[in-house]
Protein chains: 2
Amino acid sequence: MAKPEDNPKAILDLDRMVHEPARLAILTVLASAKEVAFLFLQRVTGLNKGNLSSHAQKLEAAGYLETVKAFQGRIPVTSFRITEEGRAALRLYHHQMRALLPKEGKP
Amino acid sequence: MAKPEDNPKAILDLDRMVHEPARLAILTVLASAKEVAFLFLQRVTGLNKGNLSSHAQKLEAAGYLETVKAFQGRIPVTSFRITEEGRAALRLYHHQMRALLPKEGKP
DNA sequence: TGAAACCAGTTTGTATTGCAAACTAGTTTT
DNA sequence: AAAACTAGTTTGCAATACAAACTGGTTTCA
């Protein structure tokens, strides 16, 4: 059976855009909802605004999410949606990572 | 049942010393053997010497591996072993990461 | 025998990050 | 109309990660 140590090079192929913990947290949340507001995302991830803002911008530049700017009454609200590309990247990441973990219950 | 998106903050608790792909590759290989030579490690991970050297030094500083310097005939050979601390950190990482992945075969 | 090529690994310089503090722009409160 | 608050962005700095250049020694071969 294939063990992770059989092909450690695969580890280096992980998509760093997804692998970075802050962004993985963001994508994980986005994957579970249609659209997520900035402040909600901030609260559930525990990121501060600056980091959330800049990581979101990187994910957007990578095409993994899109930003929706709107107003609720007169106050501005920014929300995010994961794109199909982002969802695919996250799925691929999950696959790769799963392949890399040893089977449950190994010594 | 607990889904990863229930607690995205946990993602930020991943041990970055282990999480970084080059180091994860190194630890993964070390975990499967008693002692591993520098050049062998370089070949199986695909890292260049510089990066392998510096990542190994970081892992050593973190207490996750130890370096063994020896001679084979008259040429110097550097080898590494994972420490118990390193093994524990890797196991913890596996646990955390597994908890974070969605169940296999989800839409 | 001595210059050239090679081996094993380290150090160095640079470019990219990730992070938090400071800032912007506007709104509500008092 | 000042003060305080809201929502988010930008900036500056510190910590990476990476590859190229280097070190110290060994073997080859002319």
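Because the structure is predicted, anything quoted here is derived from the model rather than measured. Just so it is clear, the values below take in all heavy atoms, side chains as well, and ignore hydrogens, waters and symmetry mates. All chains are named by letter (A, B, ...) in the order of the sequence lines, taking the proteins before the strands, and each is independently numbered beginning at 1.
Within the structure, the ring-ring contact (aromatic ring centres under 6.0 Å, His included) test picks out the following pairs touching residues 11-60 of chain B (sequence neighbours left out): A/H19-B/H19, B/H19-B/Y93.
Within the structure, a side-chain polar atom (N or O) of B/R23 is placed less than 4.0 Å from OP1 or OP2 of D/dA17. Taking only side-chain nitrogens and oxygens, A/N48 never comes nearer than 4.0 Å to OP1 or OP2 of C/dA21.
Note: CG (A/L52) to C1' (C/dA20) measures 14 Å, nearest angstrom. The nearest whole Å value for the distance from the CD atom in A/E20 to the P atom in C/dT16 is 17 Å. Straight-line distance from the NE2 atom of A/H19 to the P atom of C/dT16: 20 Å, rounded to whole Å. In this structure, CG of B/N51 is placed 7 Å from C1' of D/dA19, rounded to the nearest angstrom. Rounded to whole angstrom, the span from the CD atom of B/Q72 across to the C1' atom of D/dG25 amounts to 16 Å.
Between B/R16 and A/P21 the shortest side-chain heavy-atom distance falls below 4.5 Å. The shortest distance between side-chain heavy atoms of A/V77 and A/F71 does not fall below 4.5 Å. A/R81 places none of its side-chain heavy atoms less than 4.5 Å from the side chain of A/L65. Using a 4.5 Å heavy-atom cutoff, the side chains of B/K49 and B/L39 are in contact. For the pair A/L59 and A/L30, the minimum side-chain heavy-atom distance is 4.5 Å or more.
Of the residues in residues 53-61 of chain B, those lying under 4.0 Å from DNA chain C by heavy-atom distance are B/S53, B/Q57.
A donor-acceptor pair is defined here as one N or O able to donate and one able to accept, closer than 3.5 Å; such a pair exists between the side chain of B/S32 and the backbone of B/V29.
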Applying side chain to side chain contact (heavy atoms under 4.5 Å, CB included), run through B/I11 and A/T45 and close with a yes or a no. CA-CA 9 Å; B/I11 299 177; A/T45 59; over 6 Å; no

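Of the candidates C/dT10, C/dT17, C/dT28, the closest approach to any side-chain atom of B/K69 belongs to C/dT10.
With DNA chain C read from its 5' end, the first of the two nearest nucleotides for A/F71 and A/R16 is the one closest to A/R16. Comparing B/G50 and A/L47 along DNA chain C, the residue whose closest nucleotide (by nearest heavy atom) sits nearer the 5' end is B/G50.
Side chains of A/T67 and A/E60: a donor-acceptor N/O pair is present below 3.5 angstrom, by distance only.
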Could you go over nucleotides 1-8 of chain C and give all protein N or O partners under 3.5 Å, atom names and distances?
from	atom 1	to	atom 2	distance (Å)
C/dA8	O3'	B/P76	O	3.1
C/dA8	N7	B/K49	NZ	3.4

